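So the structure is just underneath, and the comments pick up after that.
Keep in mind the model is a prediction, meaning the values are calculated, not measured. Order of listing sets the numbers, starting from 1, for every ligand and every atom in it.
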Amino acid sequence: MAELPSWRTINHACIVFQPGNASEYLTGDWRSRRPELDKEKCVRCGRCWMYCPEPAILWDEVGGYTFDYRYCKGCGICARECPYDAISMVEECEE
Ligand code: SF4
Ligand code: SF4
């Protein structure tokens with residue numbers, strides 16, 4: 001099992017020494033709840049995409065929004081901001 005980072009191994013003050021490596025930090029590991037999209041309710045306004053603090057909402061190949069769970073940290077902002085209640089937050093253990 002990989003060793004988890006600790007205060008002994010992280011950079012002092014979390015300084016970033018290499019530019020452009022934020023994509024390697026998979027914030028989806030933090031998540032206990034995940035967003036699920038009801039495509040019937042979604043009008044593709046893009047509000048969830050604008051408010052998401054991570055690069056976790058993507059435009060998919062069929063012209064709709066989808067989640068990138070590698071980066072979604074489960075904050076629930078997208079669900080709160082969706083004016084059409086198209087996003088629900090569900091516990092990670094649920095199907
Ligand atoms: S905010 Fe809601 S309606 Fe708008 S694109 Fe996102 S999920 Fe769809
Ligand atoms: S739960 Fe948070 S991180 Fe995940 S897609 Fe919604 S706004 Fe983005």
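Near R44, with a cut-off below 4.0 Å to any heavy atom, the atoms of ligand 1 are 5 (S), 8 (Fe). The atoms of ligand 2 that sit less than 4.0 Å from any heavy atom of G74 are 1 (S), 4 (Fe). The distance from ligand 2 to the heavy atoms of C78 drops below 4.0 Å at these ligand atoms: 1 (S), 5 (S), 6 (Fe), 7 (S). When each atom of ligand 1 is checked for a heavy atom of Y84 under 4.0 Å away, the hits are 3 (S). Close approach of ligand 1 to V43 is summarised as follows: ligand atoms under 4.0 Å from at least one heavy atom of the residue are 3 (S), 8 (Fe). For ligand 2, the atoms closer than 4.0 angstrom to any heavy atom of P53 are 7 (S). Atoms of ligand 1 found under 4.0 Å from any heavy atom of I87 (numbered from 1 in listed order, with element): 7 (S).
Nearest protein neighbour of atom 2 (Fe) of ligand 1, counting heavy atoms only, is C82 SG, 2.3 Å. Here the heavy atom of the protein found nearest to atom 4 (Fe) of ligand 1 is C45 SG, 2.3 Å. Protein heavy atom closest to atom 6 (Fe) of ligand 1, with residue, atom name and distance, is C48 SG, 2.4 Å. Counting only heavy atoms of the protein, atom 7 (S) of ligand 1 lies nearest to L37 CD1, 3.5 Å. Looking only at heavy atoms of the protein, atom 8 (Fe) of ligand 1 is closest to C42 SG, 2.3 Å. For atom 1 (S) of ligand 2, the nearest protein heavy atom (residue, atom name, distance) is G76 N, 3.2 Å. Atom 3 (S) of ligand 2 has as its closest protein heavy atom K73 N, 3.5 Å.
Side-chain contact check for D68 versus P55: every heavy-atom pair is 4.5 Å or farther apart. Under the 4.5 Å side-chain criterion, counting only non-hydrogen atoms from C-beta, R47 is not in contact with C82. Residues W30 and C75 fail the side-chain proximity criterion, which asks for heavy atoms closer than 4.5 Å. Counting heavy atoms from C-beta on, the side chains of D60 and Y65 never come closer than 4.5 Å. Taking 4.5 Å as the limit, every side-chain heavy atom of P35 sits out of range of all side-chain heavy atoms of S88.
Contact annotation: for F67 versus ligand 2, heavy atoms closer than 4.0 Å belong to the side chain alone. With a 4.0 Å cut-off on non-hydrogen atoms, Y65 touches ligand 1 through its side chain and not its backbone. Here I57 has no heavy atoms under 4.0 Å from ligand 1, in either its backbone or its side chain.
Across all non-hydrogen atoms, the minimal contact from Y69 to R31 is O-NH1, 2.8 Å. Considering every non-hydrogen atom in both W49 and I57, the closest pair reads CD1-O, 3.2 Å. The two atoms that bring G64 and R44 nearest to each other are CA-NE, 4.1 Å, heavy atoms only.
At a cut-off of 2.8 Å, C52 is counted among the residues with an N, O or S atom near atom 8 (Fe) of ligand 2.
Under 4.0 Å is where a charged nitrogen must lie from a carboxylate oxygen, and between E92 and R33 no such pair does. Between R80 and D85, none of the side-chain N atoms (NZ, or NE/NH1/NH2) sits under 4.0 Å from a carboxylate O, so this pair counts as no salt bridge.
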List the steps and the verdict of side-chain contact (heavy atoms from CB on, under 4.5 Å) for L58 and Y71.
CA-CA 11 Å; L58 309 174; Y71 298 107; over 6 Å; no
